[in-house]
K.L.:
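Sharing a structure here in structure tokens format.
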Amino acid sequence: MSADSPSSPASSQAAEVQVRLPDGSLKPQPADATAMDVAKEISEGLARSVVAAEVDGTIVDSFRPLGEIADDENVVPLRLLTTRDESALDVLRHSAAHVMARAIMRIYKGVSLAFGPTTSGGFYYDFDMPEKISEDDFPKIEAEIKKIIKAKEPFERFVLDRDEARKLCDDLDQDLKVEHIETGLGDQATVSFYRQGEFVDLCRGPHIPHAGMIKAIKLLSVAGAYWKGDASGRQLQRVYGTAFFDKKELASYLEQIEEAKRRDHRVLGKQHGLFAINPEVGQGLCLWLPKGARVRVTLEDFLRRELLSRGYDPVYSPHIGRVEMYETSGHFPYYRDSQFAPLFGSEVGGLLDAWSTRLDKDDLSKDDEDKLIAAAEVFGVKLPEYKPSASNDAKKDVLHRWQLNHERYLLKPMNCPHHCQIFGAQPRSYRQLPLRLFEFGTVYRHEQTGELNGMMRVRGLTQDDAHIFCTADQVEEEFRATIELTKFVLESVGLDDYRVQLSLRDPDSSKYVGSEENWDHAEGALRGVLEQSGLSFNEEPGEAAFYGPKADFMVRDCIGRSWQLGTVQLDYNLPERFKLEYKGNDNATHRPVMIHRAPFGSLERFTGMLIEHFAGAFPMWLSPEQIRVLPLSDKSVEYATAVAKQFDEAGFKVTVDASDGKVQAKIRNAQIDLVNYMAVVGPKEAESGQVALRDRIEGDLGSMPIKEAIARLQKEVETRQVRQAVKGSTVSIAESGGAATDY
RNA sequence: GCCAACGUAGCUCAGUUGGCAGAGCAGCUGAUUUGUAAUCAGCCGGUCGUGGGUUCGAAUCCCUCCGUUGGCUCCA
């Protein structure tokens with residue numbers, strides 16, 4: 001049974017169906033009755049709020065004849081979905097997408113419809129059209145939408161076979177829909193359409209009964225998108241919007257978007273002097289300002305101490321490495337496009353590199369080839385073995401052999417090749433395993449310009465990277481320890497809402513490196529550890545990297561957004577490529593298994609996420625300015641300095657605000673700067689050796705001896721207490737619903 | 001990389017149909033010597049992202065490049 005199945009021939013339909021309601025009761029209904037009819041029988045009020053129906057777990061139109069969707073025994077297990085059901089919201093939004101498309105087609109000419117699905121926070125519709133829509137056009141589109149909603153016209157469903165469907169779409173000048181019927185829906189005998197007034201759209205549904213149910217709708221943004229996600233294909237215009245059953249819910253959704261904007265790490269990073277990204281330094285290259293760097297140092301110190309106590313060995317490796325090493329690892333040229341260009345020891349290096357690339361793409365004319373040979377000779381490079389008549393592969397080989405004899409360096413895109421070299425730098429015995437090498441390793445990746453985003457996506461990033469080299473038997477225990485570490489790290493910074501995504505191999509694919517047994521063993525071990533850990537996790541078959549399965553930590557912040565942070569990945573590939581081996585207790589050589597893991601992911605991204613999570617107000621232990629001493633006037637500056645010295649000696653990050661002006665102003669500035677504690681000192685405190693402590697969150701705590709203040713604040717640091725004043729609701733922006741429709 | 005929007009003082013932003021570039025905050029100087037979220041006054045500060053074009057005249061209109069933002073595509 002499926003909502004998509006074509007309606008059965010009328011002859012085979014019984015005249016009556018048995019509707020089974022959630023309470024188990026059976027209601028006989030005529031076969032052409034609908035869920036809405038059932039609702040009306042129960043009560044008019046219920047009927048008014050029915051959005052759709054759920055039959056056997058599938059959501060269907062409330063206006064669909066029940067006979068079409070009954071099972072073999074003519075029973076329809078029916079649940080009515082009202083405006084209060086979460087899954088009804090998706091139905092509403094999908095219908096809202098139709099209404100928006102209808103409005104846009106009324107205003108603009110030559111609109112070709114693509115897809116209009118729902119997203120976690122709303123919906124969008126993609127259009128191919130000659131005119132450009134701008135956000136300035138939203139008011140007039142929204143006005144048209146309101147007209148459509150006010151008319152309360154019903155949605156009607158009808159089914160056509162493929163030929164009829166193609167003809168209809170053709171008649172409607174919907175060439176993208178025609179293409180989709182021919183390709184994407186090539187295996188469907190019939191397809192469904194929905195009509196609402198003059199608007200007819202190929203669509204799987206389901207839809208709300210009538211447009212009047214859309215009580216709140218708002219267009220949010222317009223952006224480019226590709227037809228069927230293909231970057232080489234047609235560029236479409238995508239209009240995003242959202243809709244709710246209730247105006248208040250829309251208002252609270254918009255408030256959440258505002259809250260997310262207020263927390264934007266790029267804004268807060270600038271405001272609080274945490275980091276800067278300056279085009280003169282380079283796109284995506286992060287400058288850690290002193291305050292941001294303090295946060296990072298604290299994080300690094302914290303993790304370093306943990307790693308040292310958990311049996312890791314610190315290592316350091318250079319920021320560049322020979323291209324050959326990345327050819328061995330496979331990162332070059334596979335990720336060539338997202339790496340910075342190589343650095344060449346010879347001035348002709350770039351020429352030969354470009355030459356080789358042209359050959360690789362088979363994009364080199366005879367004429368240009370002669371010029372390149374001549375140009376190389378200008379620089380004194382003769383390639384007698386290079387035969388213009390030879391195959392491209394043979395020619396590339398000649399160029400490559402020359403390159404091997406000349407220096408080519410790459411800005412390090414990954415730490416693992418270096419760590420493999422460190423493993424290989426000495427003969428290894430099973431007694432040394434597991435060998436855990438860690439480094440805060442800075443890597444450089446030439447991310448596409450459109451991808452760069454504050455600290456979240458940068459071109460130079462520092463991974464809290466480590467590679468564990470172990471035997472196959474040790475994988476399980478190492479994985480367990482890594483999961484444990486990551487949990488500990490996340491919870492230390494107050495992130496306790498997370499789950500693990502376990503990415504497994506696609507059973508049908510042959511693209512994977514490593515033996516079948518190894519994969520089976522590893523996947524089983526990972527699953528077992530996660531089950532024992534009590535963490536919530538979900539399995540994603542087919543999402544594994546080609547070199548091994550992985551577990552990613554998906555962390556939810558305090559306003560409900562999901563971040564992919566820490567990761568643990570098994571790797572059978574690199575030990576093979578670098579021919580790493582150790583001597584076993586059987587005196588034979590074996591290949592180790594490698595585990596990549598990074599609890600933070602990258603310091604940039606992690607810090608950026610923390611800024612947003614805490615809205616810039618770091619908990620005491622991470623704070624770049626924990627205490628600010630505020631002298632009442634010039635007269636108390638001397639005592640303030642002495643107080644600050646004591647806090648400093650006790651290990652706090654402390655400053656003194658010696659500016660003139662009233663203490664109210666100093667407090668205000670300290671509050672705005674999100675300093676955790678203020679220590680107000682005047683003549684009274686100087687006389688008694690006290691400070692008047694003010695908490696950023698609680699306000700004035702009264703006067704106390706300095707020692708008492710120090711003890712109190714030290715305790716807060718040591719216990720890594722998180723006393724953030726959480727703002728925002730618990731409803732998630734990033735995730736809810738999510739049953740995206742295909743067409 | 002692609003589509004769109006945007007780029008004015010350190011920051012946030014005004015700037016009308018093309019006609020002398022503005023405010024608040026920050027900063028600096030001075031006065032004030034203060035008890036839990038803004039003391040007062042003065043001053044400094046901009047080749048309006050870059051380069052070109054149209055025009056008697058461009059922050060304003062057009063093009064180029066650079067950068068930012070929202071998406072798309074990518075993400076070892």
Side-chain angles (χ1 to χ4, degrees), chain A residues 119 124 126 128 132-137 220-240 257 261 264 266-267 270-273 276-280 282-284 326 329-332 334-339 412-417 443 445-454 456-459 461 463 465 545-548 550 564 567 569 571 573-574 596 601-602 605 630-637 659-673 678-685 692-696 698-703:
Chain A
T119 62
Y124 64 81
D126 287 347
D128 188 21
K132 298 287 178 204
I133 297 179
S134 105
E135 294 190 17
D136 299 338
D137 302 326
L220 298 173
S221 64
V222 56
Y226 298 108
W227 169 237
K228 297 200 170 179
D230 179 1
S232 61
R234 250 192 282 195
Q235 179 92 37
L236 309 172
Q237 293 190 71
R238 173 172 297 179
V239 181
Y240 283 90
I257 292 178
K261 272 190 200 159
D264 189 323
R266 292 166 302 192
V267 175
K270 188 182 268 185
Q271 215 169 74
H272 296 291
I277 294 178
N278 180 338
E280 287 186 40
Q283 276 192 299
Y326 302 106
S329 74
H331 293 113
F332 187 92
Y334 189 71
Y335 289 106
R336 170 106 208 216
D337 287 346
S338 40
Q339 285 168 0
K412 172 162 77 174
M414 282 294 278
N415 296 303
C416 25
V443 298
R445 297 174 183 182
H446 195 268
E447 305 286 3
Q448 302 183 78
T449 48
E451 288 307 328
L452 299 173
N453 175 296
M456 299 300 183
R457 195 79 181 266
V458 287
R459 285 184 171 169
L461 57 135
Q463 300 175 314
D465 211 358
F546 73 90
Y547 50 76
K550 60 175 181 173
Q564 188 191 318
T567 181
Q569 310 187 359
D571 190 342
N573 181 45
L574 283 184
H596 309 246
S602 90
R605 191 175 151 76
L630 311 180
L632 214 51
S633 74
D634 279 357
K635 294 170 192 158
S636 305
V637 169
S659 64
D660 51 2
K662 300 211 287 190
V663 75
Q664 284 93 329
K666 296 183 187 185
I667 287 168
R668 180 169 188 272
N669 289 335
Q671 289 282 155
I672 288 169
D673 292 345
M678 287 144 266
V680 177
V681 293
K684 274 191 285 182
E685 285 74 21
L693 212 53
R694 180 189 164 95
D695 178 4
R696 173 179 78 198
E698 303 290 333
D700 191 2
L701 301 176
S703 287

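Just so it is clear, the structure is predicted and the values come from calculations on it, not from any experiment.
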K.L.:
The side chain of Ala225(A) lies closest to which of these nucleotides: U68(B), U33(B), C72(B)?
P.N.:
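Between U68(B), U33(B), C72(B), the one nearest the side chain of Ala225(A) would be C72(B).
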K.L.:
So, does the side chain of Arg445(A) form a donor-acceptor pair with the base of C75(B) at under 3.5 Å?
P.N.:
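Side chain to base: no pair present.
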K.L.:
Is Gly330(A) touching bases, backbone alone, or none of the nucleic acid, heavy atoms closer than 4.0 Å?
P.N.:
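No contact at all - Gly330(A) keeps every heavy atom at 4.0 Å or more from the nucleic acid.
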K.L.:
Which part of the nucleic acid, if any, lies within reach of Pro683(A) when heavy atoms closer than 4.0 Å are counted: base, sugar-phosphate only, or nothing?
P.N.:
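It contacts base atoms.
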K.L.:
So what does Lys132(A) hit on the nucleic acid, given a heavy-atom distance under 4.0 Å: a base, only sugar-phosphate, or nothing?
P.N.:
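Sugar-phosphate contact only.
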K.L.:
So if I take every side-chain heavy atom of Ala665(A) and compare against C72(B), U39(B), A4(B), which nucleotide ends up nearest?
P.N.:
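Of all the options, the side chain of Ala665(A) is nearest to U39(B).
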K.L.:
Looking at CG of Asp465(A) and CE of Met414(A), how far apart are the two atoms once the value is rounded to the nearest 0.5 Å?
P.N.:
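Rounded to the nearest 0.5 Å, the CG-CE separation comes to 6.5 Å.
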K.L.:
When you get a sec, tell me which of C11(B), G1(B), U34(B) is the closest nucleotide to the side chain of Lys270(A)?
P.N.:
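Within the option list, the nearest is C11(B).
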K.L.:
Considering every strand and a 4.0 Å limit on heavy-atom distances, what is the contact class for Glu685(A): base, sugar-phosphate, or nothing?
P.N.:
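Base contact.
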K.L.:
Measure distances between side-chain N and O atoms of Tyr335(A) and base N and O atoms of C75(B), and say whether any donor-acceptor pair falls under 3.5 Å.
P.N.:
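By the distance-only test, no, there is no pair.
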K.L.:
Apply the test side chain to side chain donor-acceptor pair (under 3.5 Å) to residues Gln339(A) and Tyr326(A): give CA-CA distance (whole Å), side-chain angles for both, the deciding distance (0.1 Å), then the verdict.
P.N.:
CA-CA 11 Å; Gln339(A) 285 168 0; Tyr326(A) 302 106; over 6 Å; no
K.L.:
In whole Å, I'd like the distance from the CG atom of Leu452(A) to the P atom of C74(B).
P.N.:
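It works out to 17 Å between those atoms.
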K.L.:
With rounding to the closest Å, how many angstrom separate the P atoms on C56(B) and G15(B)?
P.N.:
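Those two atoms are separated by 28 Å.
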K.L.:
State whether the distance check finds a donor on one side and an acceptor on the other, under 3.5 Å, for side chain Asp660(A) versus base U33(B).
P.N.:
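Not at all, since no donor on one side and acceptor on the other fall under 3.5 Å apart.
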K.L.:
Side chain of Ile672(A) only, please: which of G35(B), A37(B), U33(B) is the nearest?
P.N.:
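The answer is A37(B).
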K.L.:
As a test of reading the structure: which of A76(B), U36(B), G70(B) is closest to the side chain of Val680(A), going by heavy atoms?
P.N.:
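So the nucleotide nearest the side chain must be U36(B).
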K.L.:
If the C1' atom of U69(B) is compared with that of C28(B), how far apart are they to the nearest Å?
P.N.:
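Roughly 34 Å separates the two C1' atoms.
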K.L.:
Under a 4.0 Å threshold between the charged nitrogen and the carboxylate oxygen, would Arg457(A) count as salt-bridged to Glu447(A)?
P.N.:
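Looking at Arg457(A) together with Glu447(A), the answer is yes, because their closest N to O distance falls below 4.0 Å.
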K.L.:
Which nucleotide wins on minimum distance to the side chain of Arg694(A), given the candidates A37(B), G1(B), G35(B)?
P.N.:
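Selected nucleotide: A37(B).
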K.L.:
How would you label the contact of Arg266(A) with the nucleic acid (heavy atoms, under 4.0 Å): base, sugar-phosphate, or nothing?
P.N.:
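If one applies the 4.0 Å heavy-atom cut-off, Arg266(A) turns out to touch the sugar-phosphate alone, with no base involved.
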K.L.:
Over how many whole Å does the gap from Gln237(A) atom CD to C3(B) atom P extend?
P.N.:
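So the CD-P distance, Gln237(A) to C3(B), works out to 12 Å.
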K.L.:
Starting from P on G7(B), measure out to CG on Asn278(A) and report it in whole angstrom.
P.N.:
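Taking atom P of G7(B) as the reference, CG of Asn278(A) is at 20 Å.
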K.L.:
Please report, rounded to the nearest Å, how far the C1' atom of U36(B) is from the CG atom of Leu632(A).
P.N.:
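Leu632(A) atom CG is separated from U36(B) atom C1' by 10 Å.
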K.L.:
Can you tell me how far C1' of C3(B) sits from CG of Asp230(A), to the nearest Å?
P.N.:
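One finds 15 Å between C1' of C3(B) and CG of Asp230(A), rounded.
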K.L.:
Select one nucleotide: of G35(B), A31(B), A76(B), the one nearest the side-chain heavy atoms of Lys684(A).
P.N.:
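Per side-chain heavy atoms of Lys684(A), the pick is G35(B).
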K.L.:
Taking the nucleotide of RNA chain B with the closest heavy atom to each, which residue, Ala223(A) or Asp634(A), is nearer the 5' end?
P.N.:
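In this pair, the answer is Asp634(A).
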K.L.:
Under the 3.5 Å rule, do the base of G71(B) and the side chain of Tyr226(A) count as making a donor-acceptor pair?
P.N.:
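Looking at the base of G71(B), it does not pair with any donor or acceptor on the side chain of Tyr226(A) (distance under 3.5 Å).
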K.L.:
Among side-chain atoms of Arg336(A) and Tyr334(A), is any donor-acceptor pair under 3.5 angstrom?
P.N.:
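No.
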K.L.:
Closest to the Pro413(A) side chain: A76(B), G67(B), U34(B)?
P.N.:
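Side chain of Pro413(A) sits closest to A76(B).
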K.L.:
Which sits closer to the 5' end of RNA chain B, Gln235(A) or Val663(A), going by the nucleotide each is nearest to?
P.N.:
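It is Gln235(A), whose closest nucleotide lies nearer the 5' terminus.
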K.L.:
Picking from A37(B), C72(B), A76(B), which would you name as closest to the side chain of Arg238(A)?
P.N.:
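Nearest to the side-chain atoms of Arg238(A), counting from C-beta on, is C72(B).
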